Amino acid sequence: MREEGNGLASRQQAVAAEIPRLRRYARALLGDDGEAEDLIQDTLERALARLQQWREGDNPRKWLFSILHNLHIDHLRRKSRRPPHVGLELLGTDQSSPSADAAGGDIDVALRHLSTEQREVVLLVGLEGLSYAETAEVLDIPVGTVMSRLARGRERLRTLMDYEGGGDRNGRTSLRRVK
Amino acid sequence: MTSPRRLSESELHALVDGELAPAEKADAEAAIATSPAEAAVVRELRELNSSIQARYTYKLKEPLTPVLESGLKRFRPPFRMRFARVATPIAAALALMAAGVAGYALQGRYATEPVQHEPPFVVTALAAHTTYVPEVRHAVEVKADEAHLIRWLTKRIGAEVRAPVLSDHGWKLMGGRLLPDHGLSAAQFMYEDHSGRRLTLYMRKELGLENTSFRFFERDGFGSFYWIDRPLAYALSGRLSREELMTLANVVYAKLETQIPKADQSPK
């Protein structure tokens, strides 16, 4: 068993080492530097309060991302007080038919057109490189849900980014959607 | 391999995301090889991921904001728990954060006149740092391998001093020296890394001020994280990035915490 102080120091370092990735993810998720910093600040604070509970050897990234995720949900709920649970899927989502104009070729703008839930999955997998299983754990949802959100989110992004331009529209649209 | 089956949408994503087992992957790759439409989708999905990554990479290199730094400073639970009776930890943390943010914000505006006055010992510590760090031959007074280094400085400082081992972080203890500091004696330990950068840990007895969390002081490109953990006041100085110095300050703090027996906790 290691000395408590050293254990804490190495945990602190492990947490500190994740901060750049957390910031990147928060910025991509929220689309706003200020809001992202607030979320990271809260994440650090909560991580601090729980540092003792974090078991050495646990993946700090997964742990921190799930703290961030839970806080993000809290933030969203506070924003849309009522009804508390409904609306997550819609927040930040423009349901009008998306067009390339909407994003202007900027993936950051395109991501704003996804639901929060789709955006989380698209970013955890595509930006952070988490596996489906890790993503499912971080978000506390089944792996199947990760996959379906991922598929829907990316489909929307491809449309927004106008990837189908160039001819092979048939090939693309004839893809079978598998549940 | 006669007529490869078509892949489901989720298989295409799984291929792009590296979620397929080797056999499945080979199978999927064979399938898309004969289907330009599916190959195009895979290409687009990959392109999507790389444009997401390219778009946000800049965040990885952004310096920490003051607010985040104050958040990091508070990654020191043992300290807070030990001094919990000073105030409730949360109130103390909030006060520190507010002071830090206000101080920093104002510092930015009135760069020459920082609102939050640094205690004199950190100014002395940084002066001692800049004086001795360039020394080639006489960087330290007593070398680290001399057994009496710690004993001697402990005796002269009037409180138990330690030089934490930082070799697992790439810093080798060179030795130390005794310095005057406003009528008190101070100890300076110097460390060096493989590239020749130097770091000093300065400490002297603290008689008046209360314990503090980490604070940062900077002058002429040299930075110092300082804190008071009675009976001693500490300053860790170097020409390092603030982030790197902060990390090391955390390490030093934690090591001092575990190395120094805290039996004699009362002041004096």
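Order of the sequence lines fixes the chain letters, A, B, ..., with proteins taken first and strands second; residue numbering starts at 1 for each chain. We use all heavy atoms of the structure for the numbers below, so side chains are in, but hydrogens, waters and symmetry mates are not. Given the structure is predicted, the values throughout are model-derived calculations rather than measurements.
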- [ ] Heavy-atom distances under 4.5 Å only: say whether E19(B) touches chain A with side chain, backbone, both or neither.
- [x] side chain
Task: Set of side chain to side chain contact (heavy atoms under 4.5 Å, CB included) partners for D32(A), sequence neighbours left out - done: E35(A)
Open item on the list: Is L22(A) in contact with chain B via its backbone, its side chain, both, or neither, using a 4.5 Å heavy-atom distance?
Closed with: neither
Open item on the list: Please identify, among R27(A), R23(A), R21(A), E128(A), the residue contributing the most non-hydrogen atom pairs under 4.5 Å to chain B.
Closed with: R23(A)
Open item on the list: Any carboxylate oxygen within less than 4.0 angstrom of a Lys/Arg side-chain nitrogen, looking at E160(B) and R162(B)?
Closed with: yes
Open item on the list: I'd like to know if the side chain of E117(A) and the backbone of R149(A) have a donor-acceptor N/O pair within less than 3.5 Å.
Closed with: no
Open item on the list: Are F214(B) and Y226(B), when compared by the centres of their aromatic rings, separated by less than 6.0 Å?
Closed with: no
Distance-only donor-acceptor hits, side chain of residues 20-27 of chain B, under 3.5 Å, sequence neighbours excluded:
from	atom 1	to	atom 2	distance (Å)
E24(B)	OE1	A21(B)	N	2.8
D27(B)	OD2	R5(B)	NH2	3.0

TODO: Quick one: which of E11(B), R43(B), H13(B) has the most heavy-atom pairs under 4.5 Å with chain A, could you say?
DONE: H13(B)
- [ ] Between chain B and each of V122(A), D33(A), D42(A), L123(A), count heavy-atom pairs under 4.5 Å; write down the option with the most.
- [x] D33(A)
